[in-house]
There are 2 protein chains.
Amino acid sequence: MSKTLTEHNNDSSSMRRRQPSGTTLIDVAKVAGVSPITVSRALNRPDQVSEKTREKVRRAVEQVGYIPNMLAGGLASRQSKLVAIFVPTIAHPIFAEMVQAVMDELSRAGYQAILGLTGYQKETEETLFNAILGRRPDGIVLTGTQHSKLMRKRLIASGIPVVEAWDLCDDPIDMLVGFSHEQVGLEVARHLYAKGYRRFAVVTAEDARGMRRYHALLDELRHLGIDDVPTAFVPPPSSLNAGREKVCELLDAGHRPEVVVCSSDTVAHGVLAEAASRGWTVPKDLAVMGFGELSNASRVYPSLSSVRLNGDKVGGLIAQALLERFKNPDAEVAPLRIDTGFTIIDREST
Amino acid sequence: MSKTLTEHNNDSSSMRRRQPSGTTLIDVAKVAGVSPITVSRALNRPDQVSEKTREKVRRAVEQVGYIPNMLAGGLASRQSKLVAIFVPTIAHPIFAEMVQAVMDELSRAGYQAILGLTGYQKETEETLFNAILGRRPDGIVLTGTQHSKLMRKRLIASGIPVVEAWDLCDDPIDMLVGFSHEQVGLEVARHLYAKGYRRFAVVTAEDARGMRRYHALLDELRHLGIDDVPTAFVPPPSSLNAGREKVCELLDAGHRPEVVVCSSDTVAHGVLAEAASRGWTVPKDLAVMGFGELSNASRVYPSLSSVRLNGDKVGGLIAQALLERFKNPDAEVAPLRIDTGFTIIDREST
DNA sequence: CATACAAATGATTGCGCAATCATAAACATG
DNA sequence: CATGTTTATGATTGCGCAATCATTTGTATG
């Protein structure tokens with residue numbers, strides 16, 4: 001009986017026969033002839049280690065092919081070096097561009113990104129969210145306003161730096177990188193007015209941000225002396241056909257606008273389609289303005305004038321904001337709010 | 001002095017004042033009135049826990065807002081539930097499509113993806129690779145053949161399931177999901193022949209895969225009784241201008257093909273440009289066939305006939321192959337090799 | 001050369017969880 | 001009801017690393 005106990009005590013390896021994983025700090029330490037923690041320091045805090053030791057460690061790492069286990073490192077240090085990016089989809093140029101820019105910038109600082117694709121069922125959303133928060137990201141990027149109350153609450157509670165992108169809302173969770181929808185409405189009004197258009201119409205979705213652009217457009221047109229702007233509202237989801245139907249209603253009601261301002265390129269394409277089917281020449285008989293540069297606005301015929309939101313720029317700014325915060329976590333006094341602006345692109349349709 | 005020691009010994013909390021992180025299994029266990037490991041089981045292996053306990057745990061999780069720490073879980077279980085996907089870029093529809101499909105499929109099984117964007121300096125590549133391997137992914141997806149010797153060696157050594165995509169090469173690291181370049185050459189030959197074309201020319205890059213398509217094309221044409229196929233080789237990197245120059249050389253040499261088969265859409269665009277500049281009508285005076293559907297083939301004028309490689313499909317198959325392997329790791333006897341096929345898209349240019 | 005002080009290195013502990021082993025409770029069988 | 005067999009739960013340990021504390025070594029100062 002005492003034998004059994006003894007066996008249990010000193011032959012613990014027989015109790016635990018997990019498969020061996022790759023090489024660890026300890027392997028490197030043995031080869032380098034230093035303690036494991038010195039290896040750790042040589043890799044993560046080179047300045048705390050003498051040149052000689054650093055070189056020994058470097059060679060040992062090379063020799064054994066050591067790749068630090070970031071799961072272990074993250075657990076111990078409470079730093080995952082991960083940033084979560086939530087976007088509806090990446091099969092959409094504007095988001096792909098943004099994600100690419102964020103990742104590009106982050107990777108320079110030793111961070112990686114993990115993507116959450118939210119463009120699916122509502123049910124999945126919380127699951128996805130939990131799965132990604134489970135990775136304990138050091139930062140989170142949110143796209144649009146698709147975050148639920150629960151998400152919001154949890155995010156604030158978590159204390160993780162958050163960047164909300166593509167919008168400048170009033171009650172940000174944390175940081176904000178986007179553009180002013182009001183400004184878009186205003187500038188589009190001025191732009192088209194300057195081009196000589198006087199009879200406006202609008203086909204817009206009724207979402208909060210679209211409506212903000214819409215009201216800003218109306219306000220500015222009023223300043224310019226244009227009060228009557230026939231409008232058709234597109235029920236969600238915006239689609240080419242919906243846009244087409246709605247502009248049809250406007251036209252059938254007897255309105256004869258010179259230019260139709262749309263809440264998205266998708267809707268604008270619908271308007272273009274309707275114009276084409278009526279045999280109208282764009283922009284002579286009817287001009288069309290899109291928004292978002294989300295579709296391939298430049299490649300349809302006639303190419304669509306639109307408002308470009310620079311994905312690269314937004315992505316880069318997001319990454320910089322996060323990295324800045326990582327470096328200096330106490331800067332939460334001044335809530336960051338970056339206006340990325342936009343560009344009105346004048347193509348054939350106006 | 002003994003006082004000092006005593007203080008050190010029983011007040012260990014003062015020695016370790018790491019900031020508290022979120023709620024843990026233990027918190028949930030306390031609330032649920034069970035042991036931590038039972039909570040773990042209720043979440044990961046529900047079938048091993050009684051219905052009553054499961055419900056208690058579920059409620060406790062909800063109450064304390066518990067989100068499992070996957071860093072800890074991964075470290076303990078040696079399963080990161082992560083899949084690394086290496087692509088040159090995601091700002092390219094075909095890769096975005098693939099990545100989206102992979103992620104979509106993986107997420108259903110509780111996996112997430114982490115992206116490695118390889119389309120940058122060579123120097124960064126190994127750094128990126130190490131950074132991502134440091135996350136200890138359960139699976140790896142490689143795009144193209146951009147992996148170096150060292151990468152290859154390490155991957156094989158790591159024992160991590162690997163899928164190479166977009167190609168059916170001869171010495172895969174592990175699994176393979178792609179299409180037969182030979183088949184492409186053959187089908188393109190038949191397709192164009194069936195459309196009535198008899199005088200062929202080729203403008204192609206000299207990369208291994210392009211050449212395989214090329215030789216298959218020649219073989220099939222020979223079977224069809226066409227022996228003379230003037231060819232121009234484009235030096236890397238393929239570009240629109242390179243394609244244009246090379247087709248120019250062919251034409252200037254006195255060849256008068258009815259159709260030019262190109263190794264990529266990029267090159268094909270160059271041919272289209274040259275045709276336009278000569279005032280030729282496409283496809284009457286000269287037909288053009290692209291490959292890859294990588295550019296916006298459908299949106300140029302005239303729209304380009306091309307060979308479509310289905311990103312969704314490839315992505316889905318990749319994910320399935322990986323999930324299958326995760327479920328059944330011993331299936332390495334039969335090396336997986338999936339042919340995803342392709343589709344010849346007939347547009348205005350042929 | 002004793003002392004102070006910084007720089008470099010080492011020893012110990014625990015991050016949060018799951019694998020492993022151990023045990024208790026529930027149930028079946030003759 | 002003694003025995004075996006399953007089912008449900010608990011106790012312990014270590015995954016690989018970095019934070020923390022402790023010690024050694026090297027260097028400057030009077």
Side-chain angles (χ1 to χ4, degrees), chain A residues 4-5 7-9 11-30 32-57 66-81 134-136, chain B residues 4-5 7-9 11-30 32-57 66-81 134-136:
Chain A
T4 316
L5 278 175
E7 275 183 8
H8 266 129
N9 286 342
D11 188 6
S12 64
S13 71
S14 75
M15 299 166 64
R16 304 310 196 83
R17 70 214 79 139
R18 295 179 177 180
Q19 23 174 336
S21 75
T23 54
T24 73
L25 265 190
I26 297 180
D27 301 313
V28 178
K30 277 182 196 151
V34 296
S35 77
I37 188 59
T38 299
V39 175
S40 171
R41 273 195 286 251
L43 296 174
N44 300 321
R45 307 261 232 269
D47 52 305
Q48 291 187 8
V49 169
S50 73
E51 169 57 32
K52 223 173 56 183
T53 309
R54 217 182 302 153
E55 181 56 22
K56 272 193 297 186
V57 170
Y66 173 65
I67 298 180
N69 183 328
M70 297 183 82
L71 297 179
L75 183 60
S77 70
R78 296 158 173 290
Q79 280 200 68
S80 60
K81 293 276 181 180
R135 307 276 175 195
R136 298 297 187 263
Chain B
T4 316
L5 279 175
E7 275 183 8
H8 268 128
N9 285 342
D11 189 7
S12 65
S13 70
S14 76
M15 299 166 63
R16 305 310 196 83
R17 69 212 79 137
R18 296 179 176 179
Q19 23 173 335
S21 75
T23 53
T24 73
L25 264 190
I26 297 180
D27 301 314
V28 178
K30 276 182 196 150
V34 296
S35 77
I37 188 60
T38 298
V39 174
S40 171
R41 271 195 286 252
L43 296 174
N44 301 320
R45 307 263 233 270
D47 53 305
Q48 290 186 9
V49 169
S50 73
E51 169 57 34
K52 223 173 56 183
T53 309
R54 215 182 305 151
E55 181 56 23
K56 272 193 298 186
V57 170
Y66 173 66
I67 297 180
N69 184 328
M70 297 184 82
L71 298 178
L75 182 60
S77 69
R78 296 157 172 291
Q79 279 200 72
S80 61
K81 293 276 182 180
R135 308 274 175 195
R136 298 296 187 265

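First the proteins, then the strands, lettered A, B, ... as listed; each starts at 1. All heavy atoms count here, side chains included; hydrogens, waters and symmetry mates do not.
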dist B/Thr23:OG1 -> B/Lys30:NZ (nearest 0.5 Å) comes out at 11.5 Å
Give a yes/no on whether any side-chain N or O of B/Asn69 is located under 4.0 angstrom from OP1 or OP2 of C/dC15. no
Base, sugar-phosphate alone, or nothing: which one does B/Pro68 contact when heavy atoms must sit under 4.0 Å apart?
sugar-phosphate
d(A/Ser50 OG, A/Lys56 NZ) to nearest 0.5 Å is 7.5 Å
Exercise for the section: Show the numbers, then the answer: is there a side chain to side chain contact (heavy atoms under 4.5 Å, CB included) between B/Val39 and B/Val34? Expected result: CA-CA 7 Å; B/Val39 174; B/Val34 296; 3.8 Å; yes
*A/Arg54 side chain to A/Val49 main-chain N or O, any donor-acceptor pair under 3.5 Å?*
yes
For DNA chain D, the expected dot-bracket line (Watson-Crick or G-U under 3.5 Å, [ ] crossing, | inter-strand) is ||||||||||||||||||||||||||||||
Contacts under 3.5 Å, N or O only, protein and nucleotides 25-27 of chain C:
none

Between CG of B/Asp27 and P of C/dG16 the distance, given in whole Å, is 9 Å
Carefully, step by step, assess A/Leu75 and A/Arg136 under the rule side chain to side chain contact (heavy atoms under 4.5 Å, CB included). CA-CA 9 Å; A/Leu75 183 60; A/Arg136 298 297 187 263; over 6 Å; no
### Query
Counting just side-chain N and O atoms, does B/Ser40 come under 4.0 Å of either OP1 or OP2 of C/dA18?
yes
Assign each of A/Ile26 and B/Gly33 the nucleotide of DNA chain D bearing its closest heavy atom; nearer the 5' end lies the nucleotide of B/Gly33
Would you tabulate the pairs of protein nitrogen or oxygen atoms and nucleotide nitrogen or oxygen atoms of nucleotides 5-9 of chain D closer than 3.5 angstrom?
residue : atom : partner : partner atom : Å
D/dT9   : OP1  : B/Ser50 : OG           : 3.2
D/dT9   : OP1  : B/Thr53 : OG1          : 2.4
D/dT9   : OP2  : B/Ser50 : N            : 3.0
D/dT9   : OP2  : B/Thr53 : OG1          : 3.4

